[in-house]
Q: 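Got a structure here, written out as structure tokens. Questions coming.
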Amino acid sequence: MNNRLAPERSAVLAALDRIKDPETGEGLNAAGRVHGLTIRPDGRVSFTIDAPSALIDRYTEVRDAAEAAVRSVKGAAAATVVLTAHGGRSDARTVAPPSPQERRAEGVEGVGRVIAVASAKGGVGKSTVAVNLACAFAKLGFRTGLLDADVYGPSVPTLLGAVHSKPQQARGRKLEPVEAWGLRTMSIGYLVDPERAMMWRGPMATSAIRQMLDDVNWAPLDVLVLDLPPGTGDAHLSLLQRLPLDGAIIVSTPQELALADVRRGIALFEKTAAPLVGVIENMAWFDGPDGKRVHIFGEGGARRTAERHGAPFLGEIPLDPVLRESCDVGAPFVAENPEHPLAQTFIAMARTALANAEGGHKPAPSIRFE
Ligand code: ADP
């Protein structure tokens, strides 16, 4: 039996006010950063810290400090703090983001933001980009999850070198995600023989994805990255209408044929409620051993298509053997080489995508990898 007395709300807020807000220098609660504070009878405390998106990196430390401060309050058994971001300070004061509990009805319990990575066709590097973006979010200090929603071709276990991992489940509890490279991950590839999943009909695939969202113990996460199945057809439309996305990213290669696909992707996200937060051009060029840069699939097509449709462009990723090798050995490039310029490109893209998801999806400054 639990005889614990839940902590006083005022004691929790006072503890939070002893932490300085990096922007204003006030206490965290006094600065208007704390939202959706919930104190359960068993002493579990949860809330959201709403940070200005331009300073989001500095708030990951604040989040950790806030959790520690709340845990030390008399009666507190556990603290769950999710970081979200907003365009500016005035927003933070007036627009309270939903707390993890409030999001439960439509979103994923205890998850701050759900960002999907999509492509019209297979083989453009969507999963490679999704895995490396997830690692980039983790490098930025966000507690990050990765859900392989590509149930017909799950590649996340291979890309993470976790093909033999099995998610654990205590009786009556949710499934535990597989921890890999600092990410909490789930894939149908951990659960069933992928060949069996390939025979599933559309509704079964949709319900498998829904279950991996709802019946997995994701919380607490700041960001959950979804690696969507390739395609932009009706099956996707119905899938996306049921998924709670905060932002979608389209991955494309630069050639003309692929650009028609980008347009289809943009149209798909326009039809659903998912805000498009970025287009990424993958395999944009190849730097040969002689130092010459070759634009194998043409130049700048995805950027132009995005701009023409008013979609934010996040930047280009070159065709680089180091990326393919890291996929083959199951060691994500960004996790292993965070200081490398290519990893820094992914990290900059992750930061901009999140800022776009928070800030009304304004066109983002694009990043060029030199
Ligand atoms: P998709 O998810 O779109 O089907 P994958 O991410 O599985 O595509 O990538 C397909 C293949 O291309 C993989 O072998 C991967 O290692 C490779 N690849 C993807 N992006 C790049 C890149 N920028 N440079 C080199 N190889 C890449």
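Atoms within each ligand, like the ligands themselves, are counted from 1 in listed order. Predicted model, so just to flag it, every value in this text is computed and none were measured.
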Q: Under 4.0 Å, heavy-atom basis, I'd like to know which part of C327 is in contact with ligand 1: side chain, backbone, both or neither.
A: side chain
Q: Between R303 and E281, is a salt bridge (charged side-chain N to carboxylate O under 4.0 Å, His left out) present by the stated rule, with each step listed?
A: CA-CA 7 Å; R303 177 193 291 271; E281 186 170 279; over 6 Å; no
Q: Looking only at non-hydrogen atoms, find the nearest pair between L28 and D17 and report the distance.
A: N-OD1, 3.4 Å
Q: Regarding K20 and E26, does a basic nitrogen lie under 4.0 Å from an acidic carboxylate oxygen?
A: no
Q: For atom 14 (O) of ligand 1, state which one of R324, K126, K121, M283 supplies the nearest heavy atom.
A: R324
Q: Are F47 and H35 close enough that their ring centers fall under 6.0 Å?
A: no
Q: How far is atom 8 (O) of ligand 1 from its nearest protein heavy atom, and which residue and atom is that?
A: G125 N, 3.1 Å
Q: To which protein heavy atom is atom 4 (O) of ligand 1 closest, and what is the distance rounded to 0.1 Å?
A: G123 N, 2.7 Å
Q: In the protein, which heavy atom is nearest to atom 2 (O) of ligand 1, and how far is it?
A: S127 N, 2.8 Å
Q: Check contact between P321 and ligand 1, using heavy atoms of the residue and a distance below 4.0 angstrom.
A: no
Q: Do other residues, nucleotides or ligands put more than 12 heavy atoms under 6.0 Å from E61 CD?
A: no
Q: In ligand 1, which numbered atoms sit nearer than 4.0 Å to a non-hydrogen atom of N282?
A: 19 (C), 20 (N), 21 (C), 22 (C), 23 (N)
Q: I want to confirm something. Looking only at heavy atoms, which of V251, V124, T128 is nearest to atom 9 (O) of ligand 1?
A: T128
Q: So is there a nitrogen or oxygen of G122 less than 3.5 Å from a nitrogen or oxygen in ligand 1?
A: no
Q: Hey, is D21 close enough to R33 for a salt bridge, meaning N to O under 4.0 Å?
A: yes
Q: Which of the numbered atoms in ligand 1 are under 4.0 angstrom from any heavy atom belonging to P318?
A: 22 (C), 23 (N), 24 (N)
Q: Is the closest basic N to carboxylate O distance between R40 and D42 below 4.0 Å?
A: no
Q: Same cluster for F297 and V251 if Ile/Leu/Val/Met/Phe/Trp/Tyr side chains link at under 4.5 Å?
A: no
Q: Quick check: does L323 get an N/O under 3.5 Å from an N/O on ligand 1?
A: no
Q: With heavy atoms of I317 as the reference, note each atom of ligand 1 found under 4.0 Å away.
A: 23 (N)
Q: So, E67 and R143, do they make that salt bridge, N to O below 4.0 Å?
A: yes
Q: If we count only non-hydrogen protein atoms and require a distance under 4.0 Å, does atom 25 (C) of ligand 1 qualify as touching the protein?
A: yes
Q: Against ligand 1, does S155 come closer than 4.0 Å with any heavy atom?
A: no
